[in-house]
Amino acid sequence: MGQMLFPKGFLWGTATAAYQIEGAYNEDGRGPSIWDTFSHTPGRVHDGDTGDTACDHYHRFREDIKQMKKLGLTTYRFSFSWSRIFPNGEGEVNQKGLSFYHQLVDALLEAGIEPNATLYHWDLPQALEDQGGWLNRRTADCFAAYAAFLFREFKGKIKLWSTLNEPNGTVVGYVSPSFAPGKNDGALHMQVIHHLLLAHGKAVQEFRKAEMGDAKIGIVIDMWMRVCENNTPEEQQFAANENDAFYFGYLDGVYKGIYPQSLYDRFSFTVLPGDMDIISTPFDFQGLNCYGRYVVFTDQNGNIGSRFDRYPRAMYDAVAKVRSYKPDIPIYITENGTACPDVLTEDGHVHDNDRIAYLYDYLAEVYRAIQDGADIRGYYCWSLMDNFEWGAGYSMRFGLQYVDYPTQRRIFKDNACWYQRVIARGGLDAADRPGEAGQGTRYAATLI
Ligand code: BGC
């Protein structure tokens, strides 16, 4: 208990993604992405919400950076919108779109905030989807060309790069109807993964060719590990299949250049000679998104299912899993957070004690992992502000700031005031952990 102070130089940040915050979906030459098409298709996204305006960050990024400064952030993770830079996914560059990112990165650097850029957070240019998207091997080459272009453009400015955010978020769009492009065919699972990882490996090779100095590159993988409630053989089989399909497939691929046998047994997909060498090209750090875990259970009718479990130790376990592949790999916790039924109360605040308790508990596990030898270098809270939560539209709020969408006003929630203190202190103080909603004292919420 008491204080848990993180290593000197530990980066404290927040994360966002282009489609979730930028808006300006058809401005300054931006081409459509699969998420534009998907959200514009009736019935796909909750309440018909779209990212057309989202948080209007495209126009408000300077104010957003001021808010980051107030919080004391030392780093900020964002993603590039591929189709804002290459409206067709390849070919001609859209200079206005590119200029937006130069302005954003310059303003971050000026504010002393380390940019951490993700090349792909699920928003494939529609033009590439029209040619088969991630089922088309060529998409991996287009991605490598897009990546190489950005490496050249931002060399010397951006020191932290990730190829892909959560490849699972892309796979879901091919195997279920709930995410873009909404293909809904379970058989496609491994071919999509394989092409995504090929894109990752090719981009890492471009990064090396570009001689990026002290800049580093990694991949962001999300870990929601499956554990069994009753440990029946059926539950164990289900959990093993899901762990392989959603996590170990990626980790085995990028660290060992193989896929778990169960994925070959369950899916048909094409791997060409040399692919696994490309996929396992060494990279510099592991980005880890961790929100919790899933418990596999058997219902009254004997059917197997799984349910989300808020379990802070999932963070520690996810780090341990990554370290079982490469014990000294530098790790960034690139996302962690929770949605709450936030209410802007009459006193002008959002009292989200429950979220503070969540963040505190997960950060304490990050701390514990560091004590046990993990080289964790930074933590990014999801998210800087409420935003477009994919299939759930604006119905879920994850932000440090409450966004009043009609006015685009940003209001620091209590958790932002708490996080500001964590950053200023360089760690946690047990006295600062509130009780869960309704149980404890309310966290005194003002910025320092
Ligand atoms: C994704 C984010 C998403 C968050 C909360 C992560 O899986 O990378 O884009 O908003 O989880 O659901």
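All residue numbers in this chain count up from 1 along the given sequence.
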**OP:** Would you mind telling me which of Leu197, Val204, Asn165 makes a side chain to side chain contact (heavy atoms under 4.5 Å, CB included) with Ile219?
**Re:**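 In the set Leu197, Val204, Asn165, the residue that makes a side chain to side chain contact (heavy atoms under 4.5 Å, CB included) with Ile219 is Leu197.
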Subject >> Qualifying residue for side chain to side chain donor-acceptor pair (under 3.5 Å) with Glu335, from Thr14, Thr16, Asn289 >> reply: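 Answer after filtering Thr14, Thr16, Asn289: Asn289.
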Original post:
For Leu109, which residues count as a side-chain contact (heavy atoms from CB on, under 4.5 Å) partner, sequence neighbours excluded?
Top reply: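 With neighbours one apart ignored, the set is Val105, Pro115, Lys157.
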Report yes or no: do [X] and [Y] form a side-chain donor-acceptor pair below 3.5 Å?
X: Lys70; Y: Gln67; answer: yes
X: Asp265; Y: Ser262; answer: no
X: Arg62; Y: Gln103; answer: yes
X: His59; Y: Asp56; answer: yes
X: Thr118; Y: Arg77; answer: yes
X: Asn336; Y: Tyr358; answer: yes
X: Gln408; Y: Arg60; answer: no

**OP:** Using a cut-off of 6.0 Å, state whether more than 12 heavy atoms not belonging to Gln261 lie near its atom CD.
**Re:**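 Correct, the count exceeds 12.
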Original post:
Does CD in Gln371 sit with more than 12 non-hydrogen atoms of other residues, nucleotides or ligands closer than 6.0 Å?
Top reply: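 Yes - once you tally the heavy atoms of other residues, nucleotides and ligands closer than 6.0 Å, there are more than 12.
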Do [X] and [Y] make a side-chain contact, defined as non-hydrogen atoms from C-beta onward lying under 4.5 Å apart?
X: Asp36; Y: Gln126; result: no
X: Asn387; Y: Tyr394; result: no
X: Ile370; Y: Phe10; result: yes
X: Arg30; Y: Ser83; result: yes
X: Val192; Y: Leu135; result: yes
X: Lys256; Y: Tyr325; result: yes
X: Tyr379; Y: Leu363; result: yes
X: Met315; Y: Met223; result: no

Check the orientation of [X] and [Y]. Use parallel for under 30°, tilted for 30 to 60°, and perpendicular for over 60°.
X: Trp390; Y: Trp122; value: tilted
X: Tyr332; Y: Tyr380; value: tilted
X: His200; Y: Phe283; value: perpendicular
X: Tyr76; Y: Phe78; value: parallel
X: Tyr360; Y: Trp418; value: tilted

Ring centres of [X] and [Y] under 6.0 Å apart?
X: Tyr259; Y: His194; answer: yes
X: Phe149; Y: Phe86; answer: yes
X: Tyr291; Y: Trp224; answer: yes
X: Tyr25; Y: His40; answer: yes
X: Trp82; Y: Tyr19; answer: no

For [Y], is there any backbone N or O sitting under 3.5 Å from a side-chain donor or acceptor partner on [X]?
X: Ser280; Y: Met276; answer: yes
X: Tyr419; Y: Gly13; answer: yes
X: Asp244; Y: Asn241; answer: no

**OP:** Check the pair Arg368, Met4 against side chain to side chain contact (heavy atoms under 4.5 Å, CB included), reporting the backbone distance first and the verdict last.
**Re:** CA-CA 9 Å; Arg368 200 159 70 80; Met4 294 176 229; over 6 Å; no
**OP:** In sequence, state the C-alpha distance, the side-chain angles, and the governing distance for Glu389 and His46, and then conclude on side-chain hydrogen bond (donor to acceptor under 3.5 Å, both in side chains).
**Re:** CA-CA 10 Å; Glu389 179 53 25; His46 178 86; over 6 Å; no
**OP:** Please test Ser79 against Leu119 for side chain to side chain contact (heavy atoms under 4.5 Å, CB included), starting from the C-alpha separation and ending with a verdict.
**Re:** CA-CA 6 Å; Ser79 78; Leu119 291 165; over 6 Å; no
Original post:
After noting the C-alpha distance and the side-chain angles of Asp28 and Phe100, does the key distance pass the side chain to side chain contact (heavy atoms under 4.5 Å, CB included) rule?
Top reply: CA-CA 10 Å; Asp28 292 344; Phe100 164 71; over 6 Å; no
**OP:** Sequence neighbours left out, what pairs pass side chain to side chain donor-acceptor pair (under 3.5 Å) with at least one residue falling in residues 167-179?
**Re:**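 Every pair satisfying side chain to side chain donor-acceptor pair (under 3.5 Å) with a residue in residues 167-179: Glu129-Tyr174, Asn168-Asp222, Asn168-Tyr250, Ser176-Ser178.
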Original post:
Taking NZ, NE, NH1 and NH2 as the nitrogens, is one of them in Lys69 or Glu110 under 4.0 Å from a carboxylate oxygen of the other?
Top reply: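 Between Glu110 and Lys69 there is no salt bridge, as every charged N stays at least 4.0 Å from the carboxylate O atoms.
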**OP:** Could you walk me through whether Val45 and Thr50 pass the side chain to side chain contact (heavy atoms under 4.5 Å, CB included) test, one step at a time?
**Re:** CA-CA 7 Å; Val45 174; Thr50 72; over 6 Å; no
**OP:** Please determine if Arg84 forms a cation-pi arrangement with Tyr58, meaning its NZ or CZ atom is less than 6.0 Å from the six-membered ring centre and no more than 45° off the ring axis.
**Re:**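 Flagged: Arg84 positioned over aromatic ring of Tyr58.
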Subject >> Geometric cation-pi criterion, Arg44 with Phe38: 6.0 Å, 45° >> reply: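 The answer is no, since Arg44 fails at least one limit relative to Phe38.
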